[in-house]
Amino acid sequence: MLLTEIDHIAIAVEDLEAAIAYYCDTYGAEVEHREVVESDHVEEALIKVADSYIQLLTPHGDRGPIKKALERNGEGIHHIGYRVDDVAKALAAVEAQGHRVIDKQPRPGSRGTTIAFIHPKDAFGTLIELVQE
Ligand code: CO
């Protein structure tokens with residue numbers, strides 16, 4: 001099994017502060033990490049739930065995939081991040097099965113991780129992110 005854990009569930013939101021306040025005030029959650037990922041035009045806040053995260057994502061700037069997703073689908077679940085031991089190996093396994101990927105090569109993600117996205121069209125409508133810590 002290449003997937004070792006659910007790393008995060010990513011949720012696209014219009015107002016990051018409001019979404020953080022919702023999780024903190026309602027569930028007593030705490031933000032463990034915040035980061036602007038310039039290359040993805042996104043700002044994130046990570047809320048830990050057991051060994052996984054809720055990743056709240058909002059656009060940083062006026063373009064990028066989260067901006068597009070909000071315009072197209074509104075707020076809600078954007079992708080699921082699965083932890084893997086080796087992104088390059090997992091990516092190769094997906095391609096070897098003839099499934100489309102978005103990232104041909106592993107690339108840097110937030111918090112120093114290495115990531116790659118798999119194409120949702122071949123993954124039953126779910127955008128999958130492989131995450132190596
Ligand atoms: Co993610």
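These numbers were taken from a predicted model, which means no experiment stands behind them. For ligands, and for the atoms within them, numbers begin at 1 and follow the listed sequence. Quick note: residue numbers are just sequence positions, from 1.
- Here H79 contributes NE2 and H8 contributes NE2, and at the Co ion (ligand 1) these two atoms make an angle of 100°, given to 10°.
- A side-chain donor-acceptor contact under 3.5 Å links E32 and Y53.
- In E129, the N, O or S atom that comes nearest to the Co ion (ligand 1) is OE1.
- Side-chain contact of H78 with Q55: a donor-acceptor pair under 3.5 Å is absent, judged by distance alone.
- Metal site remark for the Co ion (ligand 1): Q55 contributes an N, O or S atom at a distance under 2.8 Å.
- Between K104 and E95 there is a salt bridge, with a side-chain nitrogen of the basic residue lying less than 4.0 Å from a carboxylate oxygen of the acidic one.
- Residues E43 and T58 have side chains that never bring a donor and an acceptor to within less than 3.5 angstrom of each other.
- The Co ion (ligand 1) lies at 2.8 Å or more from every N, O or S atom belonging to D7.
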